[in-house]
S.K.: 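This is the structure, below, for whatever I ask next.
All residue numbers refer to positions in the sequence shown, counting from 1.
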Amino acid sequence: VNRAFYGLPPLTNSEGLHTNAILGFLNIFLKAYDTFRPDYVIVAFDVKAKTFRHELFDGYKGTRKPMPDELHEQVPVLQDVLHSMGVKTAVLPGFEADDIIGTYARNAGEDGLGVVILSGDRDLLQLAAEDTLVAIPKTKAGGTETENYYAADVREKYGVTPSEFIDMKALMGDQSDNIPGIPGIGEKTAGKIIAQFHSLENAYEHADEIKPARMGEKLKENIELGRLSRVLAEINTKAPVEMDYKEAAVKDEASFFNDDSYIFFKKLEFNRLLERFNAAGAAAKAEIEYTTEKNSAFPENCQSPVGRFIDPSGKLTALDDGEN
């Protein structure tokens with residue numbers, strides 16, 4: 001969603017709701033679906049609350065700028081759009097979206113399924129495996145392409161295995177997440193050290209062998225910081241997710257383009273996506289009357305595009321069931 005927001009120019013519908021992140025996400029999502037044709041789909045979201053990583057390190061993600069209001073107002077709308085398309089979403093207080101993704105990837109992988117992880121976050125490369133693909137989308141001038149990584153691709157790109165990628169990050173840290181790492185050790189040096197010694201702890205035990213010697217000294221002096229950084233960097237693949245991935249079955253692409261999602265796409269004024277409804281066989285409503293109402297589920301000062309509509313039969317229907 002973040003990459004989609006910055007990958008498209010500012011867009012609003014006629015009521016002033018920003019829509020570029022929603023549209024960009026849907027473009028990425030639909031292209032990925034067309035490419036991979038998954039049997040199950042889950043979209044994971046972060047919640048605005050502290051996680052177990054904040055409990056371990058108060059400065060975790062402390063350097064991040066707040067989400068822009070123009071993006072923040074689009075997140076709950078996107079969730080409702082996905083629900084209208086029949087796509088399951090998942091949040092888990094105390095954990096991050098990465099942990100949700102990692103847990104479902106592990107669960108499905110253990111059941112023998114091939115897994116595709118679609119994310120702009122390279123931290124998820126640690127989850128790549130022989131049957132788990134990490135697809136990293138790139139949005140340029142409204143177009144989308146992906147970099148695809150199985151375990152062998154991670155090794156070829158970074159010189160380390162996916163699990164060693166965690167130790168590499170423990171050494172180099174992560175400025176965007178404010179993971180400290182070992183002061184003075186960057187990505188290139190971290191990659192060489194882990195490629196040689198395969199883990200943070202083994203590198204520490206052989207610190208005197210690390211060249212240049214000052215890097216070995218830095219590791220010895222800051223080993224506890226490195227250990228903390230490794231815990232912060234590792235994705236939890238056993239998070240207590242509430243939904244079974246088997247509840248997230250998707251029949252086919254046509255199921256996304258239904259009467260409920262038509263209401264949203266019409267309201268958001270996604271005209272190109274509206275063209276796909278006839279192709280999908282959905283019954284496009286000729287006349288729809290909208291009223292926009294305040295919705296407590298949306299950010300303050302954000303008028304929800306979700307309200308009430310009158311379908312062609314004249315029946316007044318509440319689109320929002322009060323839970324979404």
Side-chain angles (χ1 to χ4, degrees), residues 1-31 43-49 64-87 89 91 97 120 137-144 256-278 280 282-312 314-324:
V1 180
N2 189 69
R3 284 177 178 262
F5 176 75
Y6 289 105
L8 289 180
L11 299 171
T12 60
N13 70 351
S14 58
E15 294 178 350
L17 175 72
H18 290 84
T19 60
N20 58 330
I22 302 170
L23 179 60
F25 179 91
L26 291 174
N27 287 337
I28 294 170
F29 175 88
L30 292 169
K31 182 173 181 178
V43 181
F45 286 88
D46 288 317
V47 293
K48 191 176 181 180
R64 277 201 182 177
K65 295 181 180 179
M67 182 184 291
D69 291 340
E70 296 84 356
L71 172 56
H72 188 265
E73 71 180 22
Q74 296 183 62
V75 174
V77 183
L78 173 59
Q79 291 173 331
D80 281 342
V81 170
L82 290 170
H83 295 160
S84 77
M85 296 168 64
V87 177
T89 62
V91 298
K138 289 184 173 294
T139 303
K140 295 180 180 179
T144 301
F256 300 146
F257 300 97
N258 58 64
D259 289 349
D260 290 337
S261 60
Y262 181 85
I263 300 298
F264 278 94
F265 289 7
K266 182 77 171 178
K267 188 65 174 176
L268 295 169
E269 300 169 7
F270 293 161
N271 294 328
R272 287 192 178 181
L273 289 177
L274 285 171
E275 294 174 0
R276 301 181 66 167
F277 280 83
N278 288 332
K285 296 178 174 60
E287 295 292 338
I288 301 174
E289 297 178 17
Y290 295 91
T291 63
T292 300
E293 298 180 347
K294 191 71 174 179
N295 188 325
S296 60
F298 286 77
E300 187 176 357
N301 299 325
C302 171
Q303 288 294 327
S304 164
V306 183
R308 295 174 298 162
F309 67 90
I310 300 175
D311 65 26
K315 181 182 177 182
L316 181 63
T317 305
L319 181 60
D320 186 3
D321 62 7
E323 295 179 351
N324 297 325

S.K.: Taking side-chain hydrogen bond (donor to acceptor under 3.5 Å, both in side chains) as the definition, give me every residue that meets it alongside S84, ordered by chain and number, with sequence neighbours left out.
M.R.: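 side-chain hydrogen bond (donor to acceptor under 3.5 Å, both in side chains) check on S84 returns nothing, list empty.
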S.K.: Compute the centroid of each ring, for F265 and then for F277, and state whether the two points are separated by less than 6.0 Å.
M.R.: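 Between F277 and F265, which both carry aromatic rings, the centre distance is below 6.0 Å.
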S.K.: Rounded to the nearest 0.5 Å, what's the gap from CG on L26 to CG on L78? Could you check?
M.R.: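 Going from the CG atom of L26 to the CG atom of L78 covers 6.0 Å.
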S.K.: When you measure from the side chain of E70 to the backbone N and O of H18, does any donor-acceptor pair fall under 3.5 Å?
M.R.: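 Not confirmed, E70 side chain does not pair with H18 backbone.
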S.K.: Are any non-hydrogen side-chain atoms of V43 and V87 less than 4.5 angstrom apart?
M.R.: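 They are in contact (side-chain heavy atoms under 4.5 Å apart), so the answer is yes.
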S.K.: Test your reading of the model: is there a side-chain donor-acceptor pair from N20 to the backbone of Y6, 3.5 Å cut-off?
M.R.: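 Checked: no pair found.
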S.K.: Atom CG of L268 and atom CG of L274: how far apart are they, to the nearest 0.5 Å?
M.R.: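 Nearest 0.5 Å value for the CG-CG distance: 9.5 Å.
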S.K.: Mind checking side-chain contact (heavy atoms from CB on, under 4.5 Å) for L71 and listing every partner two or more places apart, or none if nothing turns up?
M.R.: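 side-chain contact (heavy atoms from CB on, under 4.5 Å) list for L71, sorted by chain: V1, N2, F5, A21, M67, P68.
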S.K.: Within the structure provided, determine whether I22 and L11 are in side-chain contact (heavy-atom separation under 4.5 Å).
M.R.: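 No, side chains not in contact.
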S.K.: Heavy atoms only: give me the nearest P137-G120 pair and the separation to one decimal.
M.R.: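 Smallest interatomic distance, heavy atoms only, reads CD-N, 4.0 Å.
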S.K.: Does V81 reach the side chain of F25, with side-chain heavy atoms less than 4.5 Å apart?
M.R.: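 They are not in contact (no side-chain heavy atoms under 4.5 Å apart), so the answer is no.
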S.K.: Atom CG in N27, atom CZ in R272: separation rounded to 0.5 Å?
M.R.: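 CZ of R272 is found 9.0 Å from CG of N27.
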S.K.: Could you go step by step and tell me if F270 and F264 meet the ring-ring contact (aromatic ring centres under 6.0 Å, His included) rule?
M.R.: CA-CA 9 Å; F270 293 161; F264 278 94; over 10 Å; no
S.K.: Testing the basics here: between M85 and F29, what is the closest heavy-atom pair and its distance to 0.1 Å?
M.R.: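 Result for this residue pair: CE-CE2, 4.2 Å.
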S.K.: Distance check, rounded to the nearest 0.5 Å: E269 atom CD versus L17 atom CG?
M.R.: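 Result: 9.5 Å between the selected atoms.
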S.K.: Can you name the closest pair of heavy atoms from N13 and T19 and give their distance?
M.R.: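 Distance-wise, the nearest heavy atoms are N-CG2, 4.0 Å.
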S.K.: Between I263 and K266, is there a side-chain heavy-atom distance shorter than 4.5 Å?
M.R.: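 No - every pair of side-chain heavy atoms lies 4.5 Å or more apart.
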